[in-house]
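Notes for the one structure printed next.
Every number for a ligand or one of its atoms is a count from 1 in the order of the listing. Residues: numbered from 1 along the sequence shown. Atoms considered below: every heavy atom in the structure, side chains included; atoms not considered: hydrogens, waters and symmetry mates.
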Amino acid sequence: MPLKIIIDDKAGPCGGVKRVIRLTEQNLAAGYKTVSLGAVIHNEVEISRLRDLGMAEVDHSVLDKGGNGGEPQRVVIRAHGEAPEVFERAKERGLNVVDGTCPVVTRSQRYAQKYHEQGYQVVVVGKPKHAEVIGILGYCDNEAKVVHEEADVAELEPDRPTYVLAQTTISDEMWNSMLAAIQDRVSDVTSRNTICAFVADRENELRTFARSCDAIIFVGGKNSSNTHVMYDVCQSVNPRSYWIETAKEVEASWLDGIESVGISGSASTPQWLLEVVGEALARRFTERVAAAT
Ligand code: SF4
């Protein structure tokens, strides 16, 4: 029985990831010594391709005099964004900043800043150490609260007008459950679901795709929030879901007893990588058939 390999035609990077990659490539092509402040996206394979084009990665010490990275000509801010203080320090250092902040994240930063300035208790539902969340806190003088699990809700001031927003890549399920817990504790809550529409739409499309195949190979960075959420979506409807970062991790035993395998990826997984994984799967399947005959 031949194996049907289906690449999810709705997969591929989101607009924010495409944009920051394009900005990085443009600066490299123009011959600038270009560095990204932190991992430019959560996908090692794509980062490695950009490294081959000349991109380097630096940490925040580049903002200090004598910090790492020497004297880059361009510093790329990733799609997650940064706190305003980072832009100010870069300016003081005379660094040329290429702002790759995703416009969807910029919108969340603006909402958080506006309500913080009006005296609200600002609450971000998401991961406290996620770069996007850290950036948003910077727009609230680092006074906003982060809710990641129900226990965090007990830290909120119950009698203060409160504005709640979401890290763009959390699941709808997490948003709904945390918002309900916050509403139970705090009397005056204004909320805005700032989950990225791309992520929300992808969840539904992916659920349908994962149901339609016997097994799913999900491709994405192990440190990517969006990949975690999307992989969980696959697993919830198809227990034969496997998460890989590179084509090398494909295992022939995953193909046992199945007629179709779907390949999909997260918001930071390039489409070309899905094609490479598809080719690796086809090779594994051919080797397996040859070994069995
Ligand atoms: S997932 Fe959404 S918010 Fe995040 S970078 Fe992509 S488009 Fe922007």
Side-chain angles (χ1 to χ4, degrees), residues 8-26 36-47 50 55 57 76-83 86-87 97-113 124-139 144 146 148 164-175 191-207 209 218-234 243 245 264-274:
D8 184 356
D9 59 7
K10 303 247 174 45
C14 62
V17 166
K18 280 187 194 158
R19 181 171 172 272
V20 75
I21 291 173
R22 190 179 63 243
L23 288 170
T24 307
E25 286 174 338
Q26 281 169 351
S36 72
L37 190 53
V40 69
I41 60 167
H42 290 305
N43 189 287
E44 261 312 308
V45 182
E46 183 69 329
I47 286 178
L50 292 169
M55 184 197 76
E57 190 179 313
V76 178
I77 303 293
R78 56 197 171 171
H80 294 319
E82 290 283 355
V86 169
F87 289 88
V97 167
V98 177
D99 189 359
T101 310
C102 174
V104 180
V105 174
T106 304
R107 193 188 57 172
S108 294
Q109 294 168 342
R110 298 280 175 265
Y111 288 140
Q113 183 176 32
V124 185
V125 178
K127 286 189 188 164
K129 293 202 174 138
H130 191 280
E132 178 194 321
V133 174
I134 293 169
I136 292 173
L137 296 190
Y139 283 83
V146 183
H148 184 240
V164 188
L165 72 162
Q167 179 186 326
T168 54
T169 48
I170 63 168
S171 65
D172 266 336
E173 195 188 346
M174 179 177 181
W175 167 253
S191 67
R192 186 178 291 263
N193 180 341
T194 48
I195 296 175
C196 172
F198 177 91
V199 174
D201 292 348
R202 278 296 293 138
E203 251 191 79
N204 293 327
E205 288 163 2
L206 188 58
R207 203 168 280 117
F209 180 72
F218 197 77
V219 190
K222 292 279 156 81
N223 55 354
S224 151
S225 281
N226 177 248
T227 306
H228 267 280
V229 171
M230 294 296 160
Y231 175 68
D232 286 348
V233 166
C234 291
W243 177 356
E245 216 165 349
S264 192
S266 73
S268 49
T269 306
Q271 190 78 25
W272 64 261
L273 185 54
L274 304 185

Apply the test side-chain hydrogen bond (donor to acceptor under 3.5 Å, both in side chains) to residues T168 and R107: give CA-CA distance (whole Å), side-chain angles for both, the deciding distance (0.1 Å), then the verdict.
CA-CA 10 Å; T168 54; R107 193 188 57 172; over 6 Å; no
Under 4.0 Å from one or more heavy atoms of V199, ligand 1 contributes atoms 1 (S)
Rounding to 0.5 Å, atoms CG (L37) and CD1 (I77) come to a distance of 5.0 Å
For V104, the atoms of ligand 1 under 4.0 Å from one of its heavy atoms are 3 (S)
For C14, the ligand 1 atoms with a heavy-atom partner under 4.0 Å come out as 1 (S), 5 (S), 6 (Fe), 7 (S)
- Check whether the side chains of D8 and S264 place a donor and an acceptor atom closer than 3.5 Å, and report yes or no. yes
Near C102 (heavy-atom distance under 4.0 Å), the atoms of ligand 1 are 3 (S), 5 (S), 7 (S), 8 (Fe)
Looking only at protein heavy atoms, what sits closest to atom 4 (Fe) of ligand 1 is T168 OG1, 4.0 Å
Do H42 and H80 have ring centroids that are under 6.0 Å from one another?
yes
Could a heavy atom of N226 be found less than 4.0 Å from some atom of ligand 1?
-> no
Look at the rings of F218 and Y231 and say which category their plane angle falls in: under 30° parallel, 30 to 60° tilted, over 60° perpendicular.
tilted
If you scan protein heavy atoms around atom 2 (Fe) of ligand 1, the nearest is C196 SG, 2.3 Å
